[in-house]
2 protein chains.
Amino acid sequence: MSEPLRIVIIEDEAAIRRFLRASMGPDEVEWFEAESGGEGTRLVAHKNPHLVLLDLGLPDQDGLEVLRDLREWSQVPVIVLTARGKERDKVLALDAGADDYVTKPFSIAELLARIRVALRHAARVIPNTEAAYEASGLRIDFEARQVFVDGEEIRLTPIEYRLLSELARHAGKVLTHRQLLRAVWGPAYEDSTHTLRVHMGAIRSKIESDAGYPRFIRTETGVGYRLIPEEL
Amino acid sequence: MSEPLRIVIIEDEAAIRRFLRASMGPDEVEWFEAESGGEGTRLVAHKNPHLVLLDLGLPDQDGLEVLRDLREWSQVPVIVLTARGKERDKVLALDAGADDYVTKPFSIAELLARIRVALRHAARVIPNTEAAYEASGLRIDFEARQVFVDGEEIRLTPIEYRLLSELARHAGKVLTHRQLLRAVWGPAYEDSTHTLRVHMGAIRSKIESDAGYPRFIRTETGVGYRLIPEEL
DNA sequence: CAAAGGCATCAAGGTTTTGTCAAGACGCTT
DNA sequence: AAGCGTCTTGACAAAACCTTGATGCCTTTG
């Protein structure tokens with residue numbers, strides 16, 4: 001894996017954040033820290049991390065709610081990390097979609113082992129963590145965040161890039177409007193199909209030469225969009 | 001899920017086996033019990049369970065070895081269940097391929113929640129719905145929402161696709177007009193048989209080459225339609 | 001043999017979905 | 001404050017889609 005591991009930690013105590021950060025070298029892991037639930041959700045949406053560490057006791061929002069919010073649109077592995085050791089809390093968190101539950105004070109070696117387990121699972125779920133996508137003249141370098149058509153670089157806005165990436169990560173499959181909106185804008189924007197269309201149009205005007213016969217993005221009327229995987 | 005859950009428990013203390021057995025009704029779960037590592041491995045191979053509960057302190061073999069043996073050939077979720085609470089043991093077990101680690105004495109509710117998590121993971125790895133239908137030149141890829149005849153892609157409108165899918169999911173069986181209308185349009189449209197016919201015609205014009213001799217969709221006069229399952 | 005019912009096909013019309021353009025809002029930088 | 005790039009929103013045009021009616025074929029029935 002050449003790509004560095006991205007971990008979002010949602011935890012209000014700076015001491016614990018520092019502790020974790022120190023436990024894993026910054027060479028291997030890229031950390032993103034949030035002190036509140038709202039900020040955390042935004043970070044996850046924006047950074048597309050491999051793992052989330054979530055404290056249950058947050059200032060603005062209960063950790064459980066953050067978890068449920070996340071699970072509306074993201075499959076990212078979440079390890080709950082908390083002082084609440086009661087059975088009821090554990091069961092609630094696990095059933096809300098947490099992948100593991102570690103009680104403070106925890107041993108760092110155990111936490112690391114559990115992180116490895118979570119990543120192992122995720123690797124099975126999302127086998128498509130390629131560093132780049134390429135098909136019939138379209139090339140997307142996910143690491144460099146660059147897009148090329150027939151070798152020429154195309155400049156995309158943030159939303160355009162994420163939309164195209166989302167399509168590329170599921171190349172060949174139809175993604176519904178709803179799925180795309182959830183993935184790029186978040187679950188609150190599920191119904192903004194008009195905005196989606198406009199952005200789709202913008203991407204097309206940049207990467208397609210003949211609007212009548214699309215090379216890359218095909219619209220599936222009444223359903224969504226699909227990236228055409230290979231030349232016919 | 002119609003199939004009952006199969007769980008193998010590898011544990012030498014009969015009391016704990018009985019406790020677990022009692023905690024989950026025998027209606028939902030089919031239990032297979034082993035008192036030694038060797039027996040346990042054999043049971044897993046033979047019963048193909050959905051989950052394994054593994055005690056580390058076994059008479060014949062260390063539980064860790066059992067786990068490593070298992071992981072040579074099986075991806076089945078394994079939850080380690082043991083009195084050894086030391087950090088080192090946890091890390092070793094998790095890195096050896098365990099999916100979770102629960103220390104005795106454990107709360108039954110927490111164990112059940114962790115079992116649900118493990119099964120959730122497994123379910124994502126092996127989705128139980130068929131991903132595709134294929135018979136005599138007709139191929140429907142439900143995941144990608146694509147239809148092929150003799151390798152060539154056929155483009156269908158939303159209604160056409162749903163109609164054909166409905167037939168494919170009951171391949172070989174006659175679906176009445178009423179059933180098809182209910183499934184595709186909803187119960188309020190049960191009597192729009194004329195519309196149904198027109199759409200059937202549209203599908204046929206796309207996938208059948210000889211209208212006189214249908215390869216795929218057969219009309220059952222007075223009843224409905226049927227997808228021909230295999231070449232005769 | 002004629003009539004009736006079930007079915008397939010074609011074309012027209014209306015509806016829904018999609019694409020495009022442009023105006024305005026917002027944030028960031030200069 | 002002005003300029004730039006970006007995102008959202010609205011209006012309109014274009015395309016795709018669905019329904020409906022007309023017509024003719026075939027089979028069954030009287």
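Worth saying up front: this structure is predicted, and the values here are computed from it rather than measured. Residue numbers start from 1 in every chain, and the chains themselves are labelled A, B, ... in the order their sequence lines are given, proteins ahead of strands.
Rounded to a whole Å, the CD1 atom of A/Ile207 is 13 Å from the P atom of C/dG19. As a whole-Å value, the separation of B/Leu196 CG from C/dT9 P is 13 Å. If you measure from atom CE of B/Met200 to atom P of C/dC7, you get 11 Å, rounded to the nearest angstrom. In this structure, B/Leu163 atom CG and D/dC17 atom P are separated by 15 Å, rounded to whole Å.
Judged by distance alone, the side chains of B/His121 and B/Asp99 never bring a donor and an acceptor atom under 3.5 Å apart. A donor-acceptor contact closer than 3.5 angstrom is absent between the side chains of A/Arg204 and A/Thr219.
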Listed pairs, N/O of protein and of nucleotides 13-18 of chain C, under 3.5 Å:
residue, atom, partner, partner atom, Å
C/dT17, O3', A/Gly222, N, 3.4
C/dT18, OP1, A/Gly222, N, 2.5
C/dT18, OP2, A/Arg197, NH1, 2.9
C/dT18, OP2, A/Arg197, NH2, 3.2
C/dT18, O5', A/Arg197, NH1, 3.2

What N/O pairs connect the protein and nucleotides 6-11 of chain D at under 3.5 Å? Give each pair on its own line.
residue, atom, partner, partner atom, Å
D/dC7, OP1, A/Ile159, N, 3.1
D/dC7, OP2, A/Thr157, OG1, 2.5
D/dT8, OP1, A/Trp185, NE1, 3.0
D/dT8, OP2, A/Trp185, NE1, 3.3
D/dT8, OP2, A/His199, NE2, 2.9
D/dG10, N7, A/His194, NE2, 2.8
D/dG10, O6, A/His194, NE2, 3.1

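Considering B/Lys206, B/His199, B/Arg155 in turn, B/Lys206 is the only one that fulfils the side-chain hydrogen bond (donor to acceptor under 3.5 Å, both in side chains) rule with B/Glu160.
Judged by distance alone, the side chain of B/Gln146 and the main-chain N or O of B/Glu153 form no donor-acceptor pair under 3.5 Å.
Both tests do not hold together for B/Arg114 against B/Tyr101: distance to the six-membered ring centre under 6.0 Å, angle to the ring axis within 45°.
Comment: B/Glu30 does not engage B/Lys47 in a salt bridge, judged by the lack of any side-chain N to carboxylate O separation of less than 4.0 angstrom.
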(message) One pair to check against side chain to side chain contact (heavy atoms under 4.5 Å, CB included): B/Val198 and B/Leu196. What are the steps and the verdict?
(response) CA-CA 5 Å; B/Val198 174; B/Leu196 174 61; over 6 Å; no
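Listed by first and then second residue, the ring-ring contact (aromatic ring centres under 6.0 Å, His included) pairs that reach into residues 159-182 of chain B are B/His177-B/Tyr225, sequence neighbours excluded.
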